[in-house]
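What follows is a set of notes on a single structure, which appears directly below.
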Amino acid sequence: MAARPKSEDVGPVVAPVHISRVPVFEPTFKRPYRSENEEFRTSRGVVRVNGKLTATHRKILDAIFAEALHTEDMGEDGPMVVVVDPFSVAKTAGVSRHHPKWLRGKLDEMQSATVELTRLKNGIPGDRFWGQIISEVRESDDFRVALPGGAFVGDRALWEVTISAVWMRLYDTDLVVRYALLLPEINQLAHGATHAFALHVLSHRRHTRYIDDILRDVGALRDGMTRVAQEAVRQSIREEAAALKRLGIHLVLGGTGELRVDYSQHPQVRFKNP
């Protein structure tokens, strides 16, 4: 099994920047709101999702990469098998109160959802990615872990999660953000909009921008929303200003009286070029 990352390594590869800057995952921990195959466009890309992908799924996906006990690359341009302990994934994702069957259900949703993502550069379409995030989830035949002591004896199988070839191609060709050591802090954020907001900002080395512009990019502010709904989203960011500050994300008043972000790269965030 691969050794766990040392603190100075700032954790393993966790996420390509495009899934933080284009709303592949809806900024909500609750019921999704967008229609099937509804198109979202930002300056970095265009995305359509057929299925259910929320911020909860994003937390779990990040935790899978952060808690990988063993990985097996299935050849160039192929999928990757990641061996994980579901209890560790649930703890890192902040969903440990749920039964493993619930976690398996979320992985099944990532297996059934189809993502179509096109990268944009200066408004010009570039690489296109179409397919599932996860292609298979199974109990491992080779990797097991001992049950806790006391009344429990024996062992249990770890899980083998296969990340699809399409999704791994995005990891292999995109600028990747490493922030595994911050995940416990990130995953304590109470609002899906704040979670998506934080990941978007952390995908930059430096970021100074009005919060409304960021919230539109992550899909939290959308056309057709009432003023009350829009203000509720902004309020969720204000409510978690202290938590954002611990991530190095400072909210300050701009010259127009609107809140903006002032952020410089957090010392526990690193970038990896493709």
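As the structure is a computational prediction, the values presented were derived from the model and not from experiment.
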Under the salt bridge (Lys or Arg N to Asp or Glu O under 4.0 Å) test, which residues partner D73, sequence neighbours left out? none
Do Y263 and H250 have ring centres separated by under 6.0 Å? no
Measuring only between side-chain heavy atoms, which start at C-beta, is L53 closer than 4.5 Å to I133? yes
Around atom CH2 of W102, are there more than 12 heavy atoms from other residues, nucleotides or ligands closer than 6.0 Å? yes
Electrostatic pair D172:R169 at N-O distance under 4.0 angstrom: no
Does the pair H18 and F129 meet the rule for a side-chain contact (heavy atoms from CB on, under 4.5 Å), with working shown? CA-CA 11 Å; H18 271 80; F129 304 85; over 6 Å; no
Between the side chains of R21 and S43, does any donor sit under 3.5 Å from an acceptor? no
With H204 via ring-ring contact (aromatic ring centres under 6.0 Å, His included) - residues at least two apart: H200, H207
Answer with yes or no whether the side chains of R128 and T118 bring together a donor and an acceptor at under 3.5 Å. no
Side chains of T54 and E26: is there a donor and an acceptor less than 3.5 Å apart? no
Modelled atom types, side-chain donor and acceptor of Q230 and R227, under 3.5 Å: no
Taking atom types as modelled, is there a side-chain donor on R48 or T114 under 3.5 Å from an acceptor on the other? no
